[in-house]
Amino acid sequence: MFATSALAEVEFYMTTNQDKVGVEDTFRLEIVVSGAPENSRLNYPSPDDFEVLGRSQSAQMQYVLSGGTSQIKRTEKHILTIRASHVGKLKIPPATLETTGGKTYKTESVTVEVVKGRLQQEPKRAPPQQSPFGFPPGFPFGQLDDDPLQDEPQTRDDNTTIPTTDSDLFLRASIDKKEAFVGEQVVLTFQIFSRIDLQQVEALSLPKLDGFWTVDTKAAAHLQGEQRMVNGVPYRVFMIQQRTLFPMKAGVYTLEPAEVDIVTGNYFDSRKVHRKGNALSLTVKAIPPPPGQNVVPPNVLVGKWRISREVNQTNLSLGEPIQMKVTVAGQGNMQSLPVPQVGAPPSFKLFDPVVKDTGNQKGVTGGQRVIEYTMVPQQTGTFTLPALSIQYFDPQGKAYSESATDAVTITVNPGTGGANVIGSGGANGTNEAANVKNQLVATGLKSLRHTAHFSENATSYVKAPWFPIAVIAPIVLTALFALLNFVRGLTKKETDESRRSKLAKESKKRLKSAHDLMANGKPAEFYGEVDNSLRQFLAAKMGQPLTGLTQAELDKVLSEKNVAADVRLKIVRVFENCDLGRYAPGMGTAERQGTLNLAAESMEALSS
Amino acid sequence: MISLLLSISLSQYAPAEAQALFVEANDAYYAKDFSTAKDKYSKLLKAGLIGSDVYFNLGTTHLAAGELGPAVLFLERAKRAGTDDDIEANLSVAKERQADHVVGDEIEKPFAQRLAAVLPEIPVTIAFLALWLVGFIFVWMRLASGRGLFTVLAALCLFLALGAGTALGIQQYAHESIVESVVMSPSAQAIDHPGNNSKVLFEVHAGLLVRVMETYDTYARIRLPNALEGWVPASALENL
């Protein structure tokens with residue numbers, strides 16, 4: 001659109017750079033004044049249907065030669081950044097120029113078609129500049145293209161929209177990406193856009209960040225703004241807080257708007273205003289499993305990580321310490337970084353490592369973790385410290401990567417005096433440390449039994465039906481046995497044989513009582529008892545009374561009963577001894593004992 | 001031995017088949033296929049082929065699978081069937097993983113329970129029966145012969161049989177009256193009484209060994225080793 005004044009000397013017109021805009025778009029209204037008299041006064045149009053968001057002005061001097069005379073021509077260009085307040089064909093009223101001579105110039109009005117939404121394309125983001133490498137001196141990863149800290153997040157403020165209300169002062173939340181993987185860092189930034197003076201920011205109320213592990217990256221200690229153009233409108237932008245979010249679960253998250261109280265104006269004229277920011281949406285995707293696997297490994301690292309190792313010496317004498325520094329650096333959640341297991345040989349005494357974390361100073365969550373190990377070899381030899389590796393998921397490359405160090409060979413030479421082991425006092429000594437070679441630690445579950453010994457069911461013997469029978473049966477049988485004996489005793493007829501047997505038993509008992517008499521020093525009674533018991537026994541055995549028989553007659557009877565001669569002789573001697581003992585006292589104890597033995601032997605011989 | 005042979009002969013597995021099934025279960029365990037291993041061990045138990053080895057392997061498999069309740073249950077049963085160091089070691093692992101820490105001094109177990117734990121039931125039973133029968137045999141011999149030696153021998157055997165019988169009786173009392181259970185549910189709340197308006201006293205978790213003092217309706221009153229008591233749903237427990 002273009003409109004000019006009718007004057008030839010003074011050039012005065014008004015144009016727009018768009019004839020069709022969206023209600024959310026801003027556009028430029030240019031008012032050009034050329035060759036106007038000095039001290040002329042320009043009156044901007046004051047449209048009701050538009051909001052003027054910004055003004056700027058430039059001037060240009062032109063030296064003109066015309067007809068042999070020279071003239072200086074001044075051209076001023078006034079640019080208004082404006083935005084329509086509603087949809088429709090809207091007219092921008094003309095601008096006017098008043099000269100000191102009382103003359104007034106006027107441009108044509110300009111008509112702009114305003115539609116819903118936004119027609120302007122988002123400005124393309126400039127490629128990020130390579131920033132200087134951020135590792136400390138001596139860190140082995142010096143290649144810029146391999147620097148995991150190099151990619152700083154670009155806050156998406158390009159598409160910041162100016163709100164239709166409170167456009168002079170508004171709060172904006174932004175995230176550096178709209179899609180992220182679980183565990184990938186997302187930078188959430190809160191900024192205040194202002195075209196008025198600010199004193200301080202009070203009471204920033206953040207939205208709930210459920211489902212995220214968060215780290216405070218930046219928090220403004222005092223207001224420090226930077227100039228920025230937003231859709232052609234100059235703003236002072238104040239970063240008030242920045243947080244790094246690490247999503248913990250996949251899903252679509254909506255971050256509710258933050259709210260803030262801001263004190264505007266100056267010391268003498270201040271005012272507190274409340275602003276509510278914008279909501280944000282973030283899609284969190286699950287980490288894919290590694291190639292060839294079906295599940296995601298537990299505690300997988302996300303980000304970009306590099307591992308390196310420095311050893312202060314690889315050829316040393318016994319007793320000298322080894323300082324090993326392992327550095328893990330990169331982007332991501334440092335809290336999830338593991339402390340690598342160095343795999344020191346058993347003969348190395350390994351002290352507790354010292355861990356030092358250094359956060360990144362460049363606005364990226366991450367940094368480096370330095371783990372310093374101190375080891376003291378306990379014996380000579382050549383040992384290998386195995387390679388260290390760290391696997392991680394790179395969300396930018398959407399793939400798993402691994403960073404690893406090389407293995408290190410350590411040569412331990414004999415120490416002072418040629419000692420091969422610490423504390424041995426020499427090569428031939430022994431010590432406990434040298435014996436510590438292969439540490440076999442019993443952990444975990446015990447091994448299974450490989451052969452089963454099946455046992456009977458847990459039913460108790462006591463509960464078996466046969467158990468009470470087994471207990472009671474002996475009692476019953478015993479009772480029956482005793483009863484049977486009793487009945488037999490009552491009903492049994494005493495025969496000659498039984499009578500003689502009974503008498504023989506009684507005779508043996510009498511012989512025992514004779515022994516008691518001998519012990520009590522009663523020889524006459526002793527011999528009498530022996531004589532009677534033997535006679536009673538013989539009568540029972542022979543089946544006839546033997547009382548009153550001479551020894552010859554007795555011998556004859558015994559001989560007829562087929563009693564052996566030696567037994568008969570013993571019997572005769574017993575009776576002779578009894579006669580002597582009773583009627584001729586003076587026989588000693590030995591004779592009495594011999595008589596008793598002869599009687600017993602005779603009874604045994606006849607019983608068998 | 002006779003009942004063992006009888007149980008094997010009556011089960012669905014021949015001895016060689018049972019041993020093969022046991023080995024298959026072991027192989028599944030080492031392949032980390034714990035579900036298959038548990039199924040196969042359980043088949044042996046259902047067939048009546050029990051024993052410390054099967055209980056131990058099944059308990060260890062549950063422990064490896066992270067199932068503390070059945071792990072402690074079967075390891076305790078293995079311990080009852082024949083204790084050894086491996087069982088104690090795995091029980092220690094299970095105890096470390098168990099969520100509950102019983103605070104305070106443990107009360108001493110009843111004498112009957114301690115005696116029952118020390119004396120193996122089957123040898124005591126056999127000893128009692130042998131002494132009892134031999135004692136009466138001596139009684140019969142005494143009656144038959146009248147010799148005093150048999151009286152002494154009979155008295156000695158019957159006296160020893162009386163001691164073994166007393167121990168056996170105490171064991172039976174312990175088994176009948178002292179019931180130990182393992183918490184099988186992941187967690188169970190213990191309340192002060194089984195009724196309305198009950199109050200939650202504490203919570204127990206899978207793998208805790210408790211003593212069941214009494215049962216009422218669907219609840220069981222449990223006593224922890226430190227004498228803490230409460231009522232929990234009986235369904236959350238499994239008796240040893």
Side-chain angles (χ1 to χ4, degrees), chain A residues 293-295 297-298 440-490 492 498 501-509 512 604 607, chain B residues 1-8 11 15 18-19 21-23 25-26 29-30 37 44 47-54 56-57 60-61 63-64 77-78 80-82 85-90 93-94 121-122 124-126 128-129 132-133 135-137 139-140 143-144 165 168-169 171-172 175:
Chain A
Q293 296 185 24
N294 296 325
V295 294
L440 303 174
V441 181
T443 57
L445 302 179
K446 296 296 179 189
S447 179
L448 296 182
R449 309 269 172 79
H450 288 272
T451 305
H453 297 90
F454 300 112
S455 59
E456 59 193 291
N457 207 309
T459 304
S460 171
Y461 282 166
V462 177
K463 292 177 181 174
W466 51 263
F467 184 83
I469 297 173
V471 174
I472 295 171
I475 301 173
V476 174
L477 288 175
T478 304
L480 289 175
F481 194 70
L483 184 64
L484 184 65
N485 272 354
F486 179 71
V487 172
R488 279 180 59 191
L490 289 179
K492 187 179 176 184
S498 64
S501 175
K502 194 175 177 181
L503 284 174
K505 286 180 183 177
E506 288 178 0
S507 302
K508 288 184 177 179
K509 282 184 181 177
K512 285 181 183 176
E604 286 298 322
S607 298
Chain B
M1 182 58 70
I2 293 171
S3 58
L4 169 62
L5 294 174
L6 190 63
S7 65
I8 291 178
S11 72
Q19 201 66 244
L21 187 61
F22 186 76
V23 172
N26 288 358
Y29 171 88
Y30 286 113
L44 290 171
L49 300 172
I50 61 169
S52 176
D53 299 327
V54 185
F56 174 79
N57 284 13
T60 303
T61 305
L63 189 55
R77 285 181 179 172
R80 287 195 169 188
D85 292 344
D86 286 351
I87 299 172
E88 295 293 346
N90 283 0
V93 173
E121 181 184 344
I122 292 175
V124 171
T125 308
I126 292 172
F128 165 72
L129 287 176
W132 182 255
L133 291 175
F136 274 98
I137 288 171
V139 169
W140 300 335
L143 290 175
L168 198 57
Q171 275 189 333
Q172 292 309 306
H175 289 167

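In what follows, chains are A, B, ... by sequence order, proteins preceding strands, each numbered from 1. Atom set for the values below is all heavy atoms of this structure, side chains included, hydrogens, waters and symmetry mates excluded.
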Check: A:Arg449 main-chain N/O paired with B:Asn57 side-chain donor or acceptor under 3.5 Å: yes
Please state whether the side chain, the backbone, both or neither of [X] comes within less than 4.5 Å of a heavy atom of chain A.
X        : value
B:Ala64  : both
B:Leu129 : side chain
B:Ala25  : neither

Residue selection (most heavy-atom pairs with chain A, distance under 4.5 Å) from B:Val54, B:Ile126, B:Thr125, B:Val139: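 Among the listed options, the one with the most contacts to chain A is B:Thr125.
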Closest-packed option against chain A by number of heavy-atom pairs under 4.5 Å, given B:Leu63, B:Leu44, B:Thr60, B:Asp86: B:Asp86
Nearest heavy-atom neighbours spanning A:His450 and B:Val23: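 Heavy atoms only, the tightest pair is O-CG2, 4.3 Å.
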Top contributor to chain B contacts, counting heavy-atom pairs under 4.5 Å, from A:Leu477, A:Asn485, A:Thr478: A:Thr478
Reported CG-to-OG1 distance for the pair B:Asn26 and B:Thr61, which is rounded to 0.5 angstrom: 7.5 Å
Sequence-distant partners of A:Ala452, side chain to side chain contact (heavy atoms under 4.5 Å, CB included), two or more places apart: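 A:Ala452 satisfies side chain to side chain contact (heavy atoms under 4.5 Å, CB included) with A:Phe454, B:Gln19, B:Phe22, B:Asp53 once adjacent residues are dropped.
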Listed partners of B:Ile137 passing side chain to side chain contact (heavy atoms under 4.5 Å, CB included), at least two apart: B:Trp140, B:Met141
